[in-house]
Amino acid sequence: MNDVWSGYSFTPRFYEIDSQGVMFYMWYLGHADEAMAAFFTDRGLPYDDWRSLGFDVHVVHTDLDFAAGVRPHDVVEVLVSPSRIGTKSFTLDFAFRRDGETVCSGGLVYATVSADGRGAIALPARLVEMLGEVRPIRPSR
């Protein structure tokens, strides 16, 4: 689990492309969410199981930096890696790559919450284990 994960790729769908001929910015977050779900499934802790284990996550912050646009018919690979693991939240870095070039990078901060609605909770040990090693994939801010 020490390598940056890259198990999700996509080609933008027709409706994801805007009038400038590039993927509309909001779709990057949709694909980041798909990549996050695939990341945890691949590591043995599918997102669909979290509530039955007593926890869930809420996105509390996101940021994206664009270097180039994703165009129709591009095949895009999404890299995912934990860049911070706190006591009640964690950050996943994302990098969208086309032909080996990073076209967009970003991060999503997730706060862990109780599945019964009682609010923020400490990161469950199983989740911390599945996150693995902290390996930022974007430049420090």
Side-chain angles (χ1 to χ4, degrees), residues 1-18 20-141:
M1 282 193 231
N2 293 334
D3 296 330
V4 172
W5 184 85
S6 63
Y8 176 78
S9 62
F10 69 95
T11 299
R13 297 161 289 208
F14 173 80
Y15 61 85
E16 294 175 329
I17 303 299
D18 67 16
Q20 296 173 350
V22 295
M23 190 168 73
F24 191 60
Y25 65 89
M26 70 174 202
W27 291 111
Y28 288 85
L29 292 175
H31 287 290
D33 202 47
E34 292 285 344
M36 178 274 279
F39 170 78
F40 281 106
T41 296
D42 190 58
R43 290 180 173 226
L45 188 61
Y47 177 75
D48 291 342
D49 293 352
W50 293 11
R51 292 189 66 75
S52 67
L53 296 171
F55 71 95
D56 201 349
V57 295
H58 292 171
V59 173
V60 295
H61 178 79
T62 186
D63 61 272
L64 297 169
D65 294 306
F66 298 94
V70 169
R71 300 196 179 281
H73 312 294
D74 284 348
V75 176
V76 181
E77 172 186 41
V78 182
L79 307 180
V80 179
S81 185
S83 61
R84 185 191 61 81
I85 301 172
T87 57
K88 293 184 177 185
S89 66
F90 63 94
T91 303
L92 292 181
D93 278 359
F94 296 88
F96 293 77
R97 291 194 321 184
R98 174 189 58 217
D99 298 325
E101 172 194 13
T102 298
V103 297
C104 177
S105 61
L108 284 158
V109 178
Y110 299 90
T112 51
V113 296
S114 174
D116 65 9
R118 288 182 294 148
I121 61 170
L123 290 172
R126 188 160 174 208
L127 178 60
V128 172
E129 179 185 336
M130 288 301 121
L131 283 167
E133 184 179 335
V134 170
R135 294 181 64 124
I137 56 176
R138 59 190 181 135
S140 296
R141 302 186 148 254

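From a predicted model like this one, the values you see are computed outputs, not experimental measurements. Any value given below was found using the heavy atoms of this structure, including those in side chains, with hydrogens, waters and symmetry copies removed.
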- Item | Chi angles and distances behind the side chain to side chain contact (heavy atoms under 4.5 Å, CB included) call for Ile17, Trp27 | CA-CA 9 Å; Ile17 303 299; Trp27 291 111; over 6 Å; no
- Item | Derivation and outcome, side chain to side chain contact (heavy atoms under 4.5 Å, CB included), residues Phe90 and Leu127 | CA-CA 10 Å; Phe90 63 94; Leu127 178 60; 3.8 Å; yes
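- For Arg138 (side chain) and Ala95 (main-chain N/O), no donor-acceptor pair under 3.5 Å exists by modelled atom type.
- At a threshold of 4.5 Å between non-hydrogen side-chain atoms, the residues Leu45 and Leu53 count as touching.
- Taking every heavy atom of both residues into account, Val60 and Ala111 meet most closely at CG1-CB, 3.8 Å.
- Residues Arg126 and Asp49 are not paired through a salt bridge, judged by the lack of any N-O separation under 4.0 Å between the basic side chain and the carboxylate.
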- Message: Please determine whether side chain to side chain contact (heavy atoms under 4.5 Å, CB included) holds for the pair His31 and Phe96, giving the CA-CA distance in whole Å, both sets of side-chain angles, and the decisive distance to 0.1 Å.
- Response: CA-CA 9 Å; His31 287 290; Phe96 293 77; 3.9 Å; yes
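- Heavy atoms only, all atoms of each residue included: Leu108 and Ala32 are closest at CD1-CB, 3.9 Å.
- Note that the OG atom of Ser83 and the CG atom of Leu92 stand 7.0 Å from one another [nearest 0.5 Å].
- Going from atom NE2 of His73 over to atom CZ of Phe14 covers 10.0 Å, rounded to the nearest 0.5 Å.
- If you take CE on Met130 and OG1 on Thr41, they are separated by 11.5 Å, rounding to the nearest 0.5 Å.
- The minimum heavy-atom distance between Val80 and Ala35, with the atom names listed, is CG2-CB, 3.8 Å.
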- Task: Decide yes or no on side chain to side chain contact (heavy atoms under 4.5 Å, CB included) for Leu64 and Tyr25, but give the supporting numbers first.
- Result: CA-CA 9 Å; Leu64 297 169; Tyr25 65 89; 5.6 Å; no
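- With sequence neighbours excluded, the residues that form a side-chain contact (heavy atoms from CB on, under 4.5 Å) with Ser114 are Asp116, Arg118, Ile121.
- We find the OH-CZ distance between Tyr110 and Arg84 to be 12.5 Å, quoted to the nearest 0.5 Å.
- You'll find the side chain of Thr112 reaches within 4.5 Å of the side chain of Pro124, heavy atoms only.
- Atom OG of Ser6 is separated from atom CD of Glu77 by 4.5 Å, given to the nearest 0.5 angstrom.
- Between Phe94 and Tyr28, the gap from one ring centroid to the other reaches at least 6.0 Å.
- The heavy-atom pair separating Arg71 from Pro12 by the smallest distance is O-CG, 3.4 Å.
- Annotation for Ser81 and Ile137: closest pair CB-CG2, 3.8 Å, computed over non-hydrogen atoms.
- Residues Glu101 and Arg98 are paired through a salt bridge, judged by an N-O separation under 4.0 Å between the basic side chain and the carboxylate.
- Residues Trp5 and Phe40 place their aromatic rings such that the two centres sit no closer than 6.0 Å.
- If you take CG on Asp18 and CE on Met26, they are separated by 10.5 Å, rounding to the nearest 0.5 Å.
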